[in-house]
There are 2 protein chains.
Amino acid sequence: MNAVDTAVKLLQAKKIRPSLTRIHILAYLLSHPIHPTVDQIYQALLPQIPTLSKTTVYNTLDLLLENKLVKLVGVEQREKHYDANTKDHGHFFCRICEKIYDFSTPAAEIEAPEIKGFQIEVKNVSYSGVCSDCRHKNKHKEDEYEKFEGN
Amino acid sequence: MNAVDTAVKLLQAKKIRPSLTRIHILAYLLSHPIHPTVDQIYQALLPQIPTLSKTTVYNTLDLLLENKLVKLVGVEQREKHYDANTKDHGHFFCRICEKIYDFSTPAAEIEAPEIKGFQIEVKNVSYSGVCSDCRHKNKHKEDEYEKFEGN
DNA sequence: TTTTATTTTGTAATGATTACAAATTTGAAA
DNA sequence: TTTCAAATTTGTAATCATTACAAAATAAAA
């Protein structure tokens, strides 16, 4: 099934009217798992929807967020990044190439006693550092930062 | 050992000159594990340092961050929150009372194959939802949001 | 149609953070 | 001390992603 059809189905399942704009935005996120920003989405769709407003992108993403059709990528960047992959997974942000990588998080729930009985609605696991590619490309620069020591 | 002495030692260990301002800011964070914002730190220290500038708070926190004496709390709020507890732990943000709770994360490293060989410098685990207190206080409002379903 | 609700749009605020240069303080050398 | 250079602190002015808001456009209902 293509991204447009998937988007329509997802919207309908949440009883959101599948307007052209909403379909485009959700389909773009589904077919471009690059964790785009509002501006990236806006620029990408402008040729197809010349009347598109950036406010609409903001509004639509808020709507999709509320309905859990997209997630915020918990990477501490100036601009927010969005992800239509709503399955639990982690994100790694490389501070050199600024790419965001997905990684799987353990299936086993974290069962911390401190938050027992809390209603968990959003989970976010994100790391940052230097990805493998950039480590190899910048061997000489690597010692600027020491390897992170857990605890 | 009191927070001021600890702050001085931590700064010296990183070869940062322990100026009055730096000591105050780090000691405040150490003795107030409430994950304060820049403004909260600024307001709290103003009586003691009447000449304090908010820019200095920003500058000092940047310096402490670079030296890993404080961490950014990965909670998606308008303002950034800081934490002098640099041990690995998670944060839970309650969207009702807006308190940030600490919780322990599993000692076992997440060993995701997708980021094997990556240089991990910063880790962030943060959840949000409704804390236990607010769930009980707002029983009637609870059904506005369904419980988060993992995956 | 006409009416009403929904969606989209454009413009103007908001406000946390950053840039930057001046002012102040500190520490080392003489 | 006194002098001088470096480090630190400060205030003001930008920046710029996001939000507020009301008007315009569109779609559905009557």
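Naming convention: chains lettered A, B, ... in sequence-line order (proteins, then strands); numbering from 1 in each chain. This one's a predicted model, so the numbers in the text were calculated from it and none came from an experiment.
Taking the six-membered ring for Trp and the full ring otherwise, the centers of Phe118(B) and Tyr127(A) sit at least 6.0 Å from each other.
Distances were taken from every side-chain heavy atom of Arg22(B) (C-beta onward) to each of dT9(C), dT15(D), dT8(D); the shortest belongs to dT8(D). Minimum atom distance to the side chain of Arg17(B) is reached by dA7(D), of the listed dA7(D), dT10(D), dT9(C). Out of dT18(C), dG15(C), dT9(C), the shortest distance to the side chain of Tyr58(B) is found at dT18(C).
Where Arg78(A) and Arg78(B) meet DNA chain D, the nucleotide closest to each residue was compared, and Arg78(A) sits on the side nearer the 5' end. In terms of position along DNA chain D, the nucleotide closest to Ile49(B) lies nearer the 5' end than the nucleotide closest to the other residue of the pair Ile49(B) and Thr55(A).
For Leu63(A) and dT7(C), the CG to P distance is 8 Å, given to the nearest whole Å. Atom OH of Tyr42(A) is separated from atom C1' of dT18(D) by 15 Å (rounded to the nearest Å). Taking atom CD1 of residue Ile41(A) and atom C1' of nucleotide dT18(D), one finds them 14 Å apart after rounding to whole Å. Computed from coordinates, the Asp62(B) CG to dC20(C) P distance equals 15 Å when rounded to whole Å. Nucleotide dA16(C) holds its C1' atom 14 Å from the CD atom of Gln40(B), rounded to whole Å. Counting to the nearest Å, the P atom of dT18(C) and the CG atom of Leu61(B) are 11 Å from each other. With rounding to whole Å, Lys54(B) atom NZ is found 9 Å from dA16(C) atom C1'. At whole-Å resolution of the value, NE2 in His81(A) and P in dA17(D) are 11 Å apart.
Contacts of Thr51(B) with the nucleic acid, taken as non-hydrogen atoms under 4.0 Å apart, involve only primed sugar atoms and P, OP1 or OP2. Residue contacts for Lys80(A): at a heavy-atom cut-off of 4.0 Å it reaches the sugar-phosphate backbone alone, with no base atom in range. Residue-level contact check: Asp39(A) touches neither bases nor backbone, having no heavy atom under 4.0 Å from any strand. Among the atoms of the strands shown, only primed sugar atoms or phosphate atoms (P, OP1, OP2) are found under 4.0 Å from some heavy atom of Thr21(B). Using a 4.0 Å heavy-atom criterion, one finds that Ser19(B) contacts the sugar-phosphate atoms exclusively.
Contact annotation: the side chain of Leu30(A) approaches that of Leu10(A) to within less than 4.5 Å [non-hydrogen atoms, C-beta and beyond].
Between the side chain of Gln43(B) and the backbone N or O of Gln40(B) there is no donor-acceptor pair closer than 3.5 Å.
Ring pair His32(B)/Tyr28(B) is parallel by interplanar angle, where below 30° counts as parallel and above 60° as perpendicular.
Atom CG of Asn59(A) sits about 9.0 Å away from atom CD1 of Ile25(A), to the nearest 0.5 Å.
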